[in-house]
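Quick note on labels: first sequence line is chain A, next is B, and so on, each numbered from 1.
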Amino acid sequence: MSTANPVITSSPSRTGVWVGIAAITMSFAAFTSAMVVRQGAAPDWLHFRLPPLLYLNTVILLASSATLERCRRRAASGAGPAAAIPWLAASITLGLLFVVGQALAWRDLAAQGLYLATGPSSAFFYLLTAVHAIHLLGGVVALIYVWFRLVRTEANNVPSALGATVLYWHFVGVLWLYLLLILAIRL
Amino acid sequence: MADSASPSPVHRDTTEKLAQLKHLPPEGFLRTHVFSLDHKVIGKQYLDMALVAVIVGMVLSWLMRFHLGFPETPVPGLGTIAPSSGAGGVMTPELYLSLMTMHGTIMVFFVLTTAPFAGFGNFFLPIQVGAEDMAFPRFNMMSFWVTFVGFLVLLAAFLVPEGAPISGWTAYAPLSAVGKDAGPGLGLGQTLWAVSIALFCVGQLLGSLNFITTTLDLRTKGMSLARMPFSTWAWFITSIIGLIAFSVLLPACVLLFLDRVGGTSFFIPAGLVISDRLQPHSGGSPLLWQHLFWFFGHPEVYIAILPGFGIVSHVLPAFARKPVLGPRLLIGCMAAIGFLSYTVWGHHMFLSGMNPFSATLFSVPTLVITIPATIVVLLWIGTLYGARLRFTTAALFCIGFISVFVSGGISGFFLAQPSIDTYLHGTYFVVGHFHFVMGVAAMFGIFAGTYFWFPKMYGRMMNETLGKWHFVLTFIGVYCIFMPMHYLGLAGNVRRYSAFTDEYMKGSLPLHRFITYAALVTGAVQILFFINLFWSRFRGAVAPENPWEATTLEWSTSSPPPFDNFGTWHPVVYRGPDEYGVEGPSGDFRMQAVPDRGGKGAPA
């Protein structure tokens with residue numbers, strides 16, 4: 001039953017990603033609770049409109065998850081690494097595009113006079129988006145590593161790192177949806 | 001479905017995969033000794049770092065104790081090392097506080113977490129589950145080196161102009177967050193502290209990731225969860241606690257760092273005037289830091305002590321020559337302690353201005369957590385009952401562990417109740433309590449582990465005579481140091497003060513002097529340990545494969561083990577870890593990896 005999809009088997013790298021997901025979730029839970037407590041601590045919470053660019057960035061990130069899923073299925077189908085690599089390249093590009101978009105959203109906010117130290121709401125905005133971007137860039141590094149592995153492996157042999165990295169990438173996407181939601185509600 | 005006794009397909013897959021990935025012996029000095037990927041070398045690196053850290057931390061405690069006992073007597077050389085804060089050899093209160101801060105930080109993070117968990121755990125967890133290495137050797141190497149850089153960054157705080165931070169190991173905001181207006185050492189020194197602890201968190205998260213994954217995925221054939229040694233169980237539970245705790249401390253350190261250098265106001269309230277200066281911050285919550293810190297800080301106590309539980313449960317049966325009483329219950333209690341450790345953090349904050357109803361809420365689980373802890377102690381005592389104990393040094397330290405853990409634990413019953421804690425919280429009662437239950441107990445666990453595993457790690461035996469002297473003198477010494485602190489606390493002797501020279505406190509001075517003498521002598525006794533450690537490393541009797549007639553997998557390979565732990569042989573596990581007092585092929589024990597009909601397990 002487990003041979004149908006060789007990427008989805010129990011492997012240390014997959015377990016490792018799940019453990020990592022638990023740790024990262026806990027960290028963002030800590031940030032979230034700090035945000036809730038800080039908002040209630042004093043009447044200095046500045047409400048502002050999120051830069052609209054964030055929604056475009058969200059679409060880009062979701063698209064990267066879709067292309068990466070496509071990459072995983074191509075690799076698992078036995079079509080060989082060559083068939084999967086274009087999709088991998090597309091995912092890396094979209095991921096980097098997301099980070100660039102986030103940087104532009106920061107500039108948009110700074111142009112409105114909202115900086116890290118302006119108030120608690122802008123501080124949390126910069127903090128959460130930056131920490132998320134660091135995790136996403138970690139995913140990009142992992143994808144580049146997978147690329148090297150794909151090039152080196154023979155056909156029909158899918159590196160276990162691919163499945164694990166795809167799982168991580170989807171998680172970073174879901175994490176962004178969560179962050180966007182709480183930022184939209186709170187700010 | 002495969003039952004727990006026979007290997008599941010996952011295990012077989014993993015074993016085959018490992019056979020393919022079988023790593024080659026390391027080449028070159030750097031790969032072998034410095035940036036090693038071998039979990040055994042990394043474990044030794046952690047232990048060596050902890051050894052350096054414990055010497056630094058102990059020297060700091062001597063300086064503090066000397067000043068508490070003899071507030072006006074100059075310390076020779078102190079004026080040279082610290083010209084401004086230790087002018088003439090007599091330390092200022094600020095210098096005392098910086099020593100206290102660094103003592104606590106170094107001991108809690110870089111000794112009590114690294115040695116029993118990261119040190120012994122790295123060396124023995126993969127061997128005890130029958131793996132060739134950790135799941136992610138590169139992450140494992142990073143784990144040590146990031147932690148080591150964190151240690152150097154912390155030590156650098158001694159060298160910056162204003163000196164080390166003075167905010168205690170808990171770094172309470174807002175004084176830790178506002179910068180140098182709050183006192184010497186709270187400028188760059190405190191920033192270095194925040195960076196150091198953040199690095200430490202990253203290092204330990206990478207370590208926990210490896211521990212959990214290795215335990216779940218790399219167990220050898222036949223090593224079901226129920227057959228894992230207690231020490232492996234303890235490290236596994238500890239790594240889960242650590243994963244959650246350090247995931248919260250890391251964001252807390254980031255927020256503290258931003259408050260200090262980024263101009264944010266997460267922890268600094270509005271209108272705060274420090275050193276006659278209005279601080280340019282608004283609206284932060286000092287309590288927020290305490291909640292985040294203690295959400296990590298209380299589980300940290302169990303990160304320090306649970307590996308000791310594991311070591312005692314692992315070592316004691318080998319010398320009692322009988323299995324631990326209630327093995328399932330023991331593991332269940334350790335897991336229960338791990339879970340409950342996340343529900344009690346507020347008991348550190350009874351006096352912090354928290355809602356009194358919350359205090360009651362935190363008091364209940366604090367009292368409840370004593371139940372599994374008490375059960376574990378009773379199980380150990382039940383294990384000892386009727387045993388023909390082999391009085392080795394390791395066994396003595398296990399018994400010492402039980403003693404100091406009970407002594408320190410009992411005072412916890414009192415402190416768990418807000419009404420009593422209100423009086424005792426700021427006194428030496430708490431100092432005595434946590435040094436016994438967390439500090440000394442964890443140290444005794446480290447000693448027991450060292451005397452027990454040294455032959456496996458270095459291939460030589462430690463000297464038992466020196467070891468027994470070390471135990472007896474240390475055991476008496478720690479009681480002389482920390483027992484009187486309980487009486488001082490009951491008498492209202494406040495903690496964190498650098499000297500008790502005021503008229504109304506003078507009565508406590510003779511007892512403080514006694515504690516100082518005891519601390520200096522007990523510290524000096526540790527020289528016996530250091531001599532034993534270094535002498536045995538090079539000159540000790542050559543250790544056989546299984547000197548203690550123990551059962552677990554680490555005793556089925558050579559001393560020290562080869563780089564891939566078992567050489568060409570893949571261990572297969574046939575039984576639980578605790579088969580003592582039975583009729584076995586070579587004595588009153590049966591080893592995990594030896595099948596019933598002779599031979600050394602299955603061929604590779």
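The closest side-chain heavy-atom distance from B:Leu255 to A:Phe31 is below 4.5 Å. Side-chain atoms of A:Met26 and B:Phe295, non-hydrogen and from C-beta on, do get closer than 4.5 Å to each other. Side-chain atoms of A:Ser11 and B:Asp217, non-hydrogen and from C-beta on, never get closer than 4.5 Å to each other. Using a 4.5 Å heavy-atom threshold, the side chains of A:Ser33 and B:His291 count as separate.
Counting non-hydrogen atoms of other residues, nucleotides and ligands closer than 6.0 Å to CZ of B:Phe139 gives a total of 12 or fewer. The 12-atom threshold is exceeded at CH2 of B:Trp145, counting heavy atoms of other residues, nucleotides or ligands nearer than 6.0 Å.
Among all heavy-atom pairs drawn from B:Ser285 and A:Val37, the shortest one is OG-CG1, 4.3 Å. Listed here is the closest heavy atom pair of B:Gly283 and A:Ala41: O-CB, 3.7 Å. Of all heavy-atom pairs spanning B:Thr264 and A:Ala117, the tightest one is N-CB, 4.3 Å. Here the closest heavy-atom approach between residue A:Gly20 and residue B:Leu209 is recorded as N-CD1, 3.9 Å. Here the closest heavy-atom approach between residue B:Ser282 and residue A:Asp44 is recorded as OG-OD2, 3.1 Å.
Taken to the nearest 0.5 Å, the OG atom of A:Ser27 stands 7.0 Å off from the CG atom of B:Leu205.
Taking chain B as the reference chain and counting heavy-atom pairs below 4.5 Å, the highest number among A:Trp45, A:Phe124, A:Trp18 is found for A:Phe124. Per-residue counts of heavy-atom pairs under 4.5 Å with chain A were compared for B:Ala135, B:Ala270, B:Gly262; the largest is that of B:Gly262. Of the listed residues B:Gly284, B:Pro251, B:Gly263, the one with more heavy-atom pairs under 4.5 angstrom with chain A than any other is B:Pro251.
Listed for the A:Arg38 side chain is a donor-acceptor partner under 3.5 Å among the backbone atoms of B:Ser265.
Within the 4.5 angstrom heavy-atom criterion, only side-chain atoms of B:Phe136, from C-beta onward, approach chain A. Heavy atoms closer than 4.5 Å to chain A are found in the side chain of B:Leu292, but not in its backbone. Neither the backbone nor the side chain of B:Leu250 has a heavy atom closer than 4.5 Å to any heavy atom of chain A. Neither the backbone nor the side chain of B:Leu206 comes within less than 4.5 Å of any heavy atom in chain A.
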